[in-house]
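Heads up, the thing below is written out as structure tokens.
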2 protein chains.
Amino acid sequence: MASAKTEEFTQEDQDLAAFAKALSHPARIAILKILAKENACICGKIVDVLPLAQSTVSQHLKELKQAGLIDGTVDGPKSCYCINRKAFEKFNTIFHTLFTSLQTENNNTCC
Amino acid sequence: MASAKTEEFTQEDQDLAAFAKALSHPARIAILKILAKENACICGKIVDVLPLAQSTVSQHLKELKQAGLIDGTVDGPKSCYCINRKAFEKFNTIFHTLFTSLQTENNNTCC
DNA sequence: TTGCTATATCGTACAAAAACGATAAATCAA
DNA sequence: TTGATTTATCGTTTTTGTACGATATAGCAA
């Protein structure tokens with residue numbers, strides 16, 4: 001992305017964008033839903049469900065983890081992942097605030 | 001993104017991902033906030049505020065429009081943009097549902 | 001008409017993302 | 001120990017995204 005000028009924006013805008021970027025691929029949305037449906041960490045299984053190679057799924061998991069949306073622990077030869085609920089609580093609030101302001105502050109009748 | 005296998009996922013996951021992708025750059029977040037602060041459509045001005053070239057801003061506006069997040073009309077030699085509030089109402093609901101389920105369905109104590 | 005202003009589009013360059021196969025690493029089972 | 005299993009990482013290829021300057025387009029003002 002050509003020397004992305006990300007750092008020139010406010011920290012909040014960068015955080016929101018980074019969070020949105022983590023959600024910007026259907027595979028990652030699907031992964032989050034799978035993790036949410038289980039009442040425990042998932043070791044494996046995700047690869048079986050998605051139409052992607054194992055290495056690609058592993059890559060998506062890594063991105064979600066780096067974005068802080070999921071936690072992961074190593075359990076023997078397996079790895080376990082689960083939703084980081086605190087992160088979603090935080091962004092749920094931030095996004096709701098953003099969306100609400102985008103909806104209500106604007107009373108224009110044009111366009 | 002190497003022949004992106006987007007079409008292999010559910011429509012809902014694709015829609016959520018597409019919406020998130022539109023929000024995945026701080027410049028686009030900033031643009032939406034600017035539009036929200038005004039009570040009318042904005043003709044120009046956005047370029048003056050952002051640390052980006054005019055052509056780059058125009059490109060971001062195009063992406064937001066294609067994603068349905070903003071509306072735009074041509075007003076003489078100028079163009080006017082404003083928030084598409086209906087789109088945000090829709091995604092606010094969808095995202096809130098998603099986030100809530102991600103937070104509450106998961107009662108695990110691991111990780 | 002001529003020029004000015006504002007915006008969109010084009011062409012281009014480079015960075016990053018997405019995907020895969022192959023391989024490495026680590027544990028468990030036999 | 002040996003082999004099987006599971007996941008992460010590496011290397012590579014292709015596609016997208018980001019950014020810019022230059023140019024085109026279109027209306028307005030003089």
Side-chain angles (χ1 to χ4, degrees), chain A residues 1-9 13-14 17-31 34-35 41-67 69-82 111, chain B residues 1-9 13-14 17-31 34-35 41-67 69-82 111:
Chain A
M1 293 116 175
S3 74
K5 290 196 156 184
T6 308
E7 67 288 341
E8 305 234 19
F9 296 90
D13 289 356
Q14 290 181 49
F19 176 69
K21 183 180 269 184
L23 298 177
S24 71
H25 194 288
R28 293 194 286 270
I29 298 278
I31 288 172
I34 292 170
L35 292 178
C41 289
I42 290 194
C43 307
K45 286 207 169 193
I46 298 176
V47 176
D48 302 329
V49 182
L50 300 183
L52 298 170
Q54 180 266 323
S55 58
T56 307
V57 174
S58 186
Q59 209 168 275
H60 282 305
L61 285 166
K62 190 179 177 185
E63 283 176 58
L64 286 170
K65 192 175 176 183
Q66 283 178 336
L69 304 193
I70 64 176
D71 290 314
T73 51
V74 177
D75 176 28
K78 304 179 179 180
S79 285
C80 293
Y81 290 101
C82 61
C111 288
Chain B
M1 294 111 176
S3 77
K5 290 197 158 184
T6 309
E7 68 287 342
E8 305 234 20
F9 296 91
D13 289 356
Q14 290 181 49
F19 176 71
K21 183 181 270 184
L23 299 177
S24 71
H25 194 286
R28 293 194 286 270
I29 299 277
I31 289 172
I34 293 169
L35 291 178
C41 288
I42 291 194
C43 307
K45 286 207 167 192
I46 298 176
V47 176
D48 302 330
V49 182
L50 299 183
L52 297 170
Q54 179 267 324
S55 56
T56 307
V57 173
S58 186
Q59 209 168 275
H60 282 305
L61 286 165
K62 190 180 178 186
E63 283 176 59
L64 286 170
K65 193 175 177 183
Q66 285 178 336
L69 303 193
I70 64 176
D71 291 314
T73 51
V74 176
D75 176 28
K78 303 180 180 180
S79 287
C80 293
Y81 291 100
C82 62
C111 288

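Atoms considered below: every heavy atom in the structure, side chains included; atoms not considered: hydrogens, waters and symmetry mates. All values derive from a computational prediction rather than experimental measurement. Naming: A, B, ... by sequence-line order, numbering from 1 per chain.
- Spacing between atom CD of Glu8(B) and atom P of dA18(C) amounts to 16 Å, rounded to whole angstrom units.
- Lys45(A) has its NZ atom 12 Å from the P atom of dT6(D), to the nearest Å.
- To the nearest 0.5 angstrom, Ile31(B) atom CD1 is 5.5 Å from Ile46(B) atom CD1.
- Applying the 4.0 Å criterion to OP1 and OP2 of dA8(C), one finds that Tyr81(B) has a side-chain N or O inside that range.
- An OP1 or OP2 oxygen of dA17(C) is reached within less than 4.0 angstrom by a side-chain nitrogen or oxygen of Lys21(A).
- Distance, Ile42(B) CD1 to dA6(C) C1': 15 Å, rounded to whole Å.
- Where Asp75(A) and Ala27(A) meet DNA chain C, the nucleotide closest to each residue was compared, and Ala27(A) sits on the side nearer the 5' end.
- Minimum interatomic distance between Leu50(B) and Ala27(B) (heavy atoms only, all atoms of both residues): CD1-O, 4.3 Å.
- Scanning all heavy atoms of the two residues, the minimum distance from Arg28(A) to Lys21(A) falls at NH2-O, 3.2 Å.
- Within residues 55-65 of chain A, the residues that have a heavy atom under 4.0 Å from DNA chain C are, in order of number, Ser55(A), Thr56(A), Gln59(A), His60(A), Glu63(A).
- Between the Gln14(B) side chain and the Pro26(A) main chain, no donor and acceptor come within less than 3.5 Å of each other.
- Whole-Å rounding puts the Leu52(B) CG to dG17(D) P distance at 17 Å.
- A pairwise comparison of heavy atoms in Tyr81(B) and Leu35(B) identifies O-CD2, 3.5 Å as the closest pair.
- For dA6(C), its base never sits under 3.5 Å from the side chain of Gln54(B) at any donor and acceptor pair.
- In this structure, Gln14(A) places its CD atom 14 Å from P of dT18(D), rounding to the nearest Å.
- Taking every heavy atom of both residues into account, Leu64(A) and Ala22(A) meet most closely at CD2-O, 3.9 Å.
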